[in-house]
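Data first, discussion second: the structure below is written as structure tokens.
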Protein chains: 2
Amino acid sequence: MVQATVQGAQVVGRVAALLRIVSRNPKGAALVEVVRESGLTRPTVHRLLTSLAAEGLLEHDGTTGNWVLGTEALLMGSVAAARFPVEDIARPSLRRLAEETGESAFFSVRRGGETVCLLREEGPFPIRSFVLHEGVRFPLGVASAGNAIMAFLPAEEQEQILARWDDHAGTFAPTHPVALVRDNLARTHHDGYSVNPGLVLEGSWGMGAAVFDTQGKPAWALSLTGIEPRFRKDRQDFLGRFLLEEAHQITGRLHSRMT
Amino acid sequence: MVQATVQGAQVVGRVAALLRIVSRNPKGAALVEVVRESGLTRPTVHRLLTSLAAEGLLEHDGTTGNWVLGTEALLMGSVAAARFPVEDIARPSLRRLAEETGESAFFSVRRGGETVCLLREEGPFPIRSFVLHEGVRFPLGVASAGNAIMAFLPAEEQEQILARWDDHAGTFAPTHPVALVRDNLARTHHDGYSVNPGLVLEGSWGMGAAVFDTQGKPAWALSLTGIEPRFRKDRQDFLGRFLLEEAHQITGRLHSRMT
DNA sequence: CCCCAAAGTCCATAACATGGACAACCCCAC
DNA sequence: GTGGGGTTGTCCATGTTATGGACTTTGGGG
């Protein structure tokens with residue numbers, strides 16, 4: 001989890017890890033939770049969290065005792081969003097997808113060996129899954145967004161991940177045997193869109209399509225999630241086409257914005 | 001600039017300072033610039049920036065050599081925005097203001113003794129000022145947003161700031177004599193909205209109105225900027241009413257969202 | 001009222017970040 | 001081509017600074 005890649009900067013790695021852990025959930029995380037997830041000692045975590053809060057990057061919610069992202073995080077996001085106007089670019093597609101399919105729609109971004117959920121738009125269908133929301137991370141290859149992205153990576157990059165799959169997938173390894181993942185990747189590459197048949201949580205299905213950056217690399221993904229009866233074979237074609245169409249539009253919008 | 005508020009966490013303060021400096025501008029900042037602004041030595045800044053980049057919080061733009069906010073910053077912002085949905089809450093008002101007045105409209109947030117510009121919406125009027133954009137910070141009391149916020153702080157808090165005004169205002173102190181600021185604050189408190197008659201940059205005028213959080217504290221501000229002829233006396237009343245009306249709406253939306 | 005878990009604090013220790021000094025660039029001027 | 005000013009990148013001995021074991025405090029449940 002925590003590893004110093006640049007020497008002379010252990011704390012930076014730790015701080016970044018803590019921020020990631022806290023930002024996994026808009027509701028934040030309790031101290032013990034951060035301690036457990038980070039593998040650091042309690043005094044250290046406490047001290048770092050307190051100082052991050054003093055800097056405004058975090059806040060300490062008095063009622064729940066949870067540590068949550070602070071205003072500085074909001075600011076940084078705003079500025080970063082001026083360079084990558086994700087909201088402008090992806091939101092319209094999410095609205096259309098959610099509205100017309102009834103399911104919840106998501107926009108995720110690749111970040112190293114993970115995908116992270118950036119935007120969420122709830123659909124009108126009354127049964128909704130809350131597995132995925134802003135900040136949730138999955139290893140590449142897990143869940144529909146991660147599958148869609150990984151399927152369009154260069155073959156050697158995919159092999160690198162698959163070679164150490166169990167390590168990479170972590171807690172998802174048991175429900176995601178490498179052979180199954182290989183199958184799914186091949187199918188995704190063929191169809192253009194991915195299908196997650198409830199592998200992360202039984203009954204919670206999803207479909208995804210990759211969005212490509214200006215270098216043609218799969219850097220983002222659109223996805224839909226809902227319950228199994230809404231993702232049966234007869235509907236997959238409709239949902240898949242829809243996702244691909246919107247993903248294509250987003251790719252276009254990205255490229256015109258980034259030039 | 002850099003001061004360790006919590007002990008045993010010097011680096012956290014430094015890292016936060018660097019992030020703030022880089023995030024002052026969506027285009028990022030060069031190494032020397034960060035060195036100058038932070039007051040740290042070059043090796044230290046370089047090492048910290050490099051490790052922040054390794055963590056994805058920053059990126060090193062290969063073409064310009066500038067350090068810019070990275071994807072992790074975007075992610076954190078997304079998650080923080082799920083708690084403070086600033087975009088949803090303020091954007092419609094900004095659009096209306098920009099569209100109907102012609103000027104550029106801004107949404108800023110108070111952060112300690114500063115205001116930071118969060119959102120910008122350009123108006124159709126062809127002469128536009130680029131003094132203010134996402135990430136730009138002003139001391140409280142300087143510029144229309146900071147004036148509007150400060151004017152509605154408790155009297156003793158205002159006095160605390162005014163007591164050490166020159167120190168607080170920094171580079172703005174020469175153009176913002178404390179007597180003038182006092183006058184402006186009083187007028188703002190009376191009118192409800194603030195007017196900045198080109199104090200930050202000659203010819204660049206602005207008007208602002210505060211937005212109040214659930215505890216009734218002025219935590220955000222709406223503002224408009226443009227050239228002097230567009231902010232003459234006869235138009236100030238119209239612009240002021242408009243700002244107050246939209247600020248009121250945002251306050252309402254905030255309160256219903258936060259409960 | 002007691003107990004246990006979580007949060008918060010202290011301080012001697014040594015691990016870690018630090019920054020002076022040096023090297024490698026890059027661009028412009030002459 | 002060559003020289004100079006400005007900027008970036010790297011190394012490593014030094015001591016400043018983060019660390020975490022141990023202790024204290026808080027608070028919720030039975």
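What you see is a predicted model; the values in this text were computed from it and never measured. Each chain gets a letter, A, B and so on, in the order the sequences are listed, and its residues count up from 1.
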- Task: Ignoring backbone atoms, establish whether B:Arg47 has a side-chain N or O less than 4.0 Å from OP1 or OP2 of C:dC16.
- Result: no
- Task: Rounded to the nearest angstrom, tell me the gap between atom CG in A:Leu40 and atom P in C:dG8.
- Result: 17 Å
- B:Phe107 and B:Trp220 aromatic ring geometry - parallel, tilted or perpendicular at 30°/60° bounds: parallel
- Would you call the rings of B:Trp67 and B:His60 parallel, tilted or perpendicular if under 30° counts as parallel and over 60° as perpendicular? parallel
- Query: Rounding to a whole Å, what distance do you find between B:Asp61:CG and D:dT8:C1'?
  - Reply: 15 Å
- DNA chain D: 5'-proximal contact among A:Val11 and A:Pro43 (nearest heavy atom): A:Val11
- Are OP1 or OP2 of C:dT18 and a side-chain N or O of B:Thr41 less than 4.0 angstrom apart? no
- Look only at the side chain of B:His176 and the backbone of B:Phe172, and say whether a donor-acceptor pair between them is shorter than 3.5 Å. yes
- Just how far, in rounded Å, is C1' of C:dG19 from CG of B:Leu49? 15 Å
- Please check the phosphate of D:dT17 (OP1 and OP2 only) for any side-chain N or O of A:Gln10 closer than 4.0 Å. no
- Task: On the 0 to 90° scale, with breaks at 30° and 60°, tag the B:His168-B:Trp165 ring pair as parallel, tilted or perpendicular.
- Result: tilted
Kindly give the atom pairs (protein nitrogen or oxygen, nucleotide nitrogen or oxygen) under 3.5 Å for nucleotides 3-7 of chain C.
unit_1, atom_1, unit_2, atom_2, d
C:dA7, OP2, A:Val32, N, 3.0
C:dA7, N7, A:Arg42, NE, 3.4
C:dA7, N6, A:Arg42, NH2, 3.4

- Distance-only, no hydrogens or angles: does the A:His133 side chain make a donor-acceptor pair with backbone N or O of A:Leu118 under 3.5 Å? no
- Task: Respond yes when some side-chain nitrogen or oxygen of B:Arg14 is under 4.0 Å from OP1 or OP2 of D:dT17, and no when none is.
- Result: no
- Item | Heavy-atom pair of closest approach, residues B:Gly112 and B:Leu140 | O-CD1, 3.7 Å
